[in-house]
Protein chains: 2
Amino acid sequence: MDKNNYCIIMAGGVGARFWPMSRTDHPKQFIDILGTGRTLVQQTYQRFRKICPAENIFIVTNEIYRDLVLKQIPEIPENNIVLEPAMRNTAPCIAYANYKINQINPDAKIVVAPSDHLIMNEDVFIKNVQSALDAVSNNDWLVTLGIKPTRPDTGYGYIQYDDQQKDALHLGISKVKTFTEKPDAELARKFLDSGDFLWNAGIFIWSLRSIMSAFEEHLDDVNDLFREGEGKYNTPLEQPFVREIYTSCRKISIDYGIMEKAPNVYVLAADFDWSDLGTWGSLYDLRKKDENKNALSGQGVLLYDTHNCIISMPDDKLVVLQGLDDYIVVERDNVLLVCRKTDEQQIRTFVNDIKNNKGEQYI
Amino acid sequence: MDKNNYCIIMAGGVGARFWPMSRTDHPKQFIDILGTGRTLVQQTYQRFRKICPAENIFIVTNEIYRDLVLKQIPEIPENNIVLEPAMRNTAPCIAYANYKINQINPDAKIVVAPSDHLIMNEDVFIKNVQSALDAVSNNDWLVTLGIKPTRPDTGYGYIQYDDQQKDALHLGISKVKTFTEKPDAELARKFLDSGDFLWNAGIFIWSLRSIMSAFEEHLDDVNDLFREGEGKYNTPLEQPFVREIYTSCRKISIDYGIMEKAPNVYVLAADFDWSDLGTWGSLYDLRKKDENKNALSGQGVLLYDTHNCIISMPDDKLVVLQGLDDYIVVERDNVLLVCRKTDEQQIRTFVNDIKNNKGEQYI
């Protein structure tokens, strides 16, 4: 295993889409949302243990999730939990981790990945990441993994690649032409049909030198803030320093801040199966179903004339559901949601209404 | 108020139809099922306080509900809670209370009533009961209250009365020709159309002497068991005696054991509005509805695109329901039921399945 391989796992997000299964105090990445026995961040961590030594894996998360990370990944060294005092989107989070790693190993090659996605065919994933790591060892490239689209999904970002500019040494890695955020249905259909587009999985591979120079070039204000802390990272001075500067840092994503602007962006067309687990629908598709096509978790649930539902109930709760077709039925911590699966986009509305009428404690 | 007026409130039933709102440890009669602020047994007790002195009201219930009765009706003298060691249907329960009252006042006139029905127009109810009490003062009659049917309900028993045999002194009281248990839809329609049938409300009025002689005549085995205890009722010897004989007493209803056999059975066509609150549907019809025709209790419930539902949730629970039409949604003590309103008769099946698979504690 290459001692220069590093990994940054981004685990600071708080999504509302899986409310009330995901709540502010235990967001999606800390939940065993697929019913496999391991949470998403645990799965992600174990996956990267096959690429990096344990001491080279950093988990960036919000301060309030420190104990959750330690509980779920007890083997992680405390210095490798990178604590953000506030949510500032992905670019500041990556800049922060860069400076920490730079103080340890300026020759690092880094994989940056979300903590809450599903990756199947893990061997293929590792092979793809390894190819990208090899490529960035010798090239000043910012590589992103692209997933071959299987449907005209309007929930994903798309990457258009340039098949002509292939590097013979790195088959499967192409120059990126454009990034497109969630397209409408018509455009998504065109993207799919053209064959020139890949889904943006938000997994990045680069050398530390390449990404740091890209920050200097494209996000100098963010970079300046973190450079001020040189010499303090990985010491007791780190946390006070970061607390001071973090709130003055602007919110900006790595995609918008660097990937869409830099000239040296490449995409590796990956071969593994992937889902961002962004909707109840995607979760339903991936879970095991019973003979009535219900994806069920909860040992005390009895179903009668119930089909095509995704059901998640506490094990100690007795639940009888009758006559439901195509619903989400979820309870966690004394909060219950029953919602048509086809109307799941309304969950954001529910969460906002509750925030306004009942208070933050239910979110 | 006539010191000879007595009342026997039957509060020993454990129905499964309102599970999980009604559970073995707090059946329907002990629940504020209509959301009025008072439980059904409290409403029934207060209603009879307008007819009998407090010391003349007896509540017959199972031993396990003694504390519930005392909690909900703290003013009741302990001797007036008549505790059954086992469920033996209505005839033994009435025989037991008869012997207790006989030891206190052999001139008693008694109203026997269920504890879990709804009666509206209470003034009319009291007037009707008073008429019946007057009638049984001078006549050896067993009077039952009949409700004028408003629909061909197949869930009720029907009483056919003989309009020719009216007593000029007691207008509205007629001789009973036949009792019919729950008829099928066609028969129920005929009953309604004929105008000769009333619903059997299970409310009886008679003198103690009349009902005791009817027991002697028609249920002598049951009567013999309780007669053995003469001298023990209303003393410390009562409870041990009753415990000894009760289990050897057969299960039999007062309707089947006496009313359908005795020659001196009369019906008073009552003018009040009544429901036995026997189904979720009847409960839904009676409850206040919001603008989307939902009958809702539960302060933490938010509804979206939800109509015609009956919803009862604990106040401290946050619940979001979306896209439900014509459902029962009920939670109590960590047991949740979601069921189509039109399929409520299946609740018995659910309860049996749970008893067999999960255990009695959930029932």
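Computed from a predicted structure; not experimentally measured. Below, chains carry the letters A, B, ... as their sequence lines are ordered, and counting in each starts from 1.
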Relative to chain A, which segment of [X] carries a heavy atom at a distance below 4.5 Å: side chain, backbone, both, or neither?
X       : result
L324(B) : both
L321(B) : both
D316(B) : both
K358(B) : side chain
Q299(B) : backbone

Response to the item:
Which of V338(B), L318(B), L336(B) passes side-chain contact (heavy atoms from CB on, under 4.5 Å) with L336(A)? It is L336(B)

Worksheet item: How would you list, in number order, the residues of residues 34-44 of chain A that have a heavy atom less than 4.5 Å from chain B?
Response: none

Response to the item:
Nearest heavy-atom approach of Q322(B) to Q346(A) is NE2-NE2, 3.7 Å

Response to the item:
Residues of residues 304-313 of chain B with a heavy atom under 4.5 Å from any heavy atom of chain A, in residue-number order, are Y304(B), D305(B), M313(B)

Worksheet item: Between V335(B), N334(B), D353(B), which residue shows the highest count of heavy-atom pairs closer than 4.5 Å to chain A?
Response: N334(B)

Worksheet, complete the sentence: Scored by heavy-atom pairs under 4.5 Å with chain A, the best of I347(B), V320(B), V301(B), V329(B) is V320(B)

Discussion item. Heavy-atom pairs under 4.5 Å with chain B - which of N357(A), L337(A), D333(A) has more of them than the others?
Written reply: L337(A)

